[in-house]
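Chain letters run A, B, ... following the sequence lines, proteins first and then strands; every chain starts at 1.
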There are 2 protein chains.
Amino acid sequence: MGVRAQQKEKTRRALVDAAFNQLSAERSFSSLSLREVAREAGIAPTSFYRHFKDMNELGLTMVDEGGLTLRQMMRKGRQRAEAGGSVIRISVDTFIEVLESNPNVFRILLHERSGTSAAFRAAVEREIEHFISELAHYTEAQANRTPDLARAQAEALVILVFNAGASALDLKRSERKALADQLVLQLRMVATGAEALQQKMENRS
Amino acid sequence: MGVRAQQKEKTRRALVDAAFNQLSAERSFSSLSLREVAREAGIAPTSFYRHFKDMNELGLTMVDEGGLTLRQMMRKGRQRAEAGGSVIRISVDTFIEVLESNPNVFRILLHERSGTSAAFRAAVEREIEHFISELAHYTEAQANRTPDLARAQAEALVILVFNAGASALDLKRSERKALADQLVLQLRMVATGAEALQQKMENRS
DNA sequence: TAAATTAGCGTACAAATGTACGCTCAACTT
DNA sequence: AAGTTGAGCGTACATTTGTACGCTAATTTA
């Protein structure tokens, strides 16, 4: 890659990073202005356009990138689970760790999920869908579930996890422990319930 | 109430209604400007201050008012359920109806739940907490659950319902049917799972 | 080496925003 | 009847925003 393209990529990264860094509990992506991001990245406002058509395009990039990061981290965590122990417990712990080390990635996903732009909502939904279908396949194979039951179960699990994530963002480290425990309990409810429903259906037919 | 106070109340209502009416899938509360709301309500921008300290105060009013509306409607629906039939099914159907007739009340709750103002998040959480504790008490009495199990169960149920609500806002009428069915299935999972977990605990002790 | 490309800059402008200030006049109080 | 209050208005202003336009200088291509 030429010197020129390299420098351009570097600036682009500076923009993305600047935007991520400005996110916080008090600052959502949609409240960031183009000028603020450019300022933080150390370039002139008008130079922004050399990299993105508008703020929307930057945001979508962030959602995609964030979702990818999350999935990679969760996948690594899952490898730990293969060593043995409760899958649910280990997954929840991994999730909390991921959340703690990437709070802003979470913020943008959670916020824009109920956001004002259809494109954003769709993008976030796509990321969540990745999680759901990975999990559904896993459950289908592992617990021998009916496809549609596996799907409903996976969806419920993911929703509960993401919601707990949203709450966790506002909590202190110590309170997160209790939240994680409650979450584990809820996930077990869903898993146990799905199993019971499946058995009932099998007996009936 | 005097003529004067009456007129003031009327204008205040006009402001609240104006704000609610401007909400849509493309427009969140936080994206509304004071001037826009005043314009829609038919008053001068500066007159806004006669009624609210700032937009934040207006928003909190809307959250409180919206939450109240929702609870009242759900309570009416619950009376229908007492006539017999599946509590879950009837509750879900009621919920969908409520959602369809008050989409904007939902939007503000859903969006500000993950919003940028701590006061807003707390207010929404308070509203959701109402639902959870009402449901937890119901379950505790009805199904004879342990308090903490009842709590975890109620929370899971409410979260699943609200999440489905968020998705439903983006769907066409016909697609909502399928979503409702899936939601019912998930709620049954939780209920069945909670029951099973409780039994297991009782046997163990 | 000469020409073409382009990342980044500075200037500029129209639009919109929140809100300070002071006025009016109808409603209320005394 | 006289005096007080306050809801609503218009004017005004500083600030911030997105973005159009044209320039520069370094890199790339020919």
Legend entry - Close side-chain approach of R113(B) to F162(B), heavy-atom, < 4.5 Å: no
Legend entry - L110(B) vs L169(B) side-chain heavy atoms within contact, under 4.5 Å: yes
Inset, instruction - Compute the ring centroids of F95(B) and F131(B), then answer whether they are less than 6.0 Å apart. - result: no
Legend entry - Side-chain donor-acceptor contact under 3.5 Å, T11(A) with Q7(A): yes
Inset, instruction - Please report the closest heavy-atom contact between Q182(B) and A152(A), naming both atoms and the distance. - result: OE1-CB, 3.8 Å
Inset, instruction - Determine to 10° how strongly the helix from dT1(C)-dA30(D) to dT30(C)-dA1(D) is bent, judged from the axes of its five-pair ends. - result: 20°
Extract from the structure each pairing of a protein N or O with an N or O of nucleotides 17-19 of chain C at less than 3.5 Å, listing the distance.
residue: dT17(C); atom: OP1; partner: S33(B); partner atom: OG; Å: 2.9
residue: dT17(C); atom: OP2; partner: R39(B); partner atom: NH2; Å: 3.3
residue: dG18(C); atom: OP1; partner: L34(B); partner atom: N; Å: 3.1
residue: dG18(C); atom: OP2; partner: L34(B); partner atom: N; Å: 3.3
residue: dG18(C); atom: OP2; partner: R35(B); partner atom: N; Å: 3.3
residue: dG18(C); atom: N7; partner: R35(B); partner atom: NH1; Å: 2.5
residue: dG18(C); atom: O6; partner: R35(B); partner atom: NH1; Å: 3.0
residue: dT19(C); atom: OP2; partner: Y49(B); partner atom: OH; Å: 2.8
residue: dT19(C); atom: O5'; partner: Y49(B); partner atom: OH; Å: 3.2
residue: dT19(C); atom: O4; partner: R35(B); partner atom: NH1; Å: 3.0

Inset, instruction - Quick one: which residue pairs count as a salt bridge (Lys or Arg N to Asp or Glu O under 4.0 Å) with a foot in residues 51-61 of chain A, not counting sequence neighbours? - result: none
Inset, instruction - Please list, chain by chain and in numerical order, all residues satisfying salt bridge (charged side-chain N to carboxylate O under 4.0 Å, His left out) with R121(B), sequence neighbours excluded. - result: D170(A)
Could you go over nucleotides 28-30 of chain C and give all protein N or O partners under 3.5 Å, atom names and distances?
residue: dC28(C); atom: OP1; partner: V3(B); partner atom: N; Å: 2.8
residue: dC28(C); atom: OP1; partner: R4(B); partner atom: N; Å: 2.8

Under 3.5 Å, sequence neighbours excluded: what are the donor-acceptor pairs made by side chains of residues 72-80 of chain A?
residue: R75(A); atom: NH2; partner: E134(A); partner atom: OE2; Å: 3.2
residue: R78(A); atom: NH1; partner: E134(A); partner atom: OE1; Å: 3.0
residue: R78(A); atom: NH2; partner: E134(A); partner atom: OE1; Å: 3.1

Legend entry - Set of salt bridge (charged side-chain N to carboxylate O under 4.0 Å, His left out) partners for E9(B), sequence neighbours left out: none
Inset, instruction - Could you tell me whether the side chain of Q142(B) reaches within less than 4.5 Å of the side chain of V87(B), counting heavy atoms only? - result: no
Inset, instruction - List in chain and number order the residues that pass ring pair (Phe, Tyr, Trp, His ring centres under 6.0 Å) with F20(B), two or more places apart in sequence or in another chain; answer none if no residue qualifies. - result: none
Inset, instruction - Verify whether one side chain among S31(A) and R27(A) offers a donor that lies under 3.5 Å from an acceptor in the other. - result: yes
Legend entry - Single hit among L157(A), I88(A), I159(A) for side chain to side chain contact (heavy atoms under 4.5 Å, CB included) with V190(A): L157(A)
Inset, instruction - Map R50(A) and G42(B) onto DNA chain D by nearest heavy atom, then report which one ends up closer to the 5' terminus. - result: G42(B)
Legend entry - Those residues that, when tested against R50(A), pass salt bridge (charged side-chain N to carboxylate O under 4.0 Å, His left out) (two or more places apart): none
Legend entry - Non-neighbouring partners of N56(B) that pass side chain to side chain donor-acceptor pair (under 3.5 Å), sequence neighbours left out: none
Inset, instruction - Kindly state which residues belonging to residues 7-16 of chain B come within less than 4.0 angstrom of DNA chain D, counting heavy atoms of the residue only, listed by number. - result: Q7(B), K8(B), T11(B)
Inset, instruction - Using the heavy-atom set of chain A and a strict 4.0 Å cut-off, write down the first and last nucleotide of DNA chain D that makes it in, 5' to 3'. - result: dT17(D) to dT28(D)
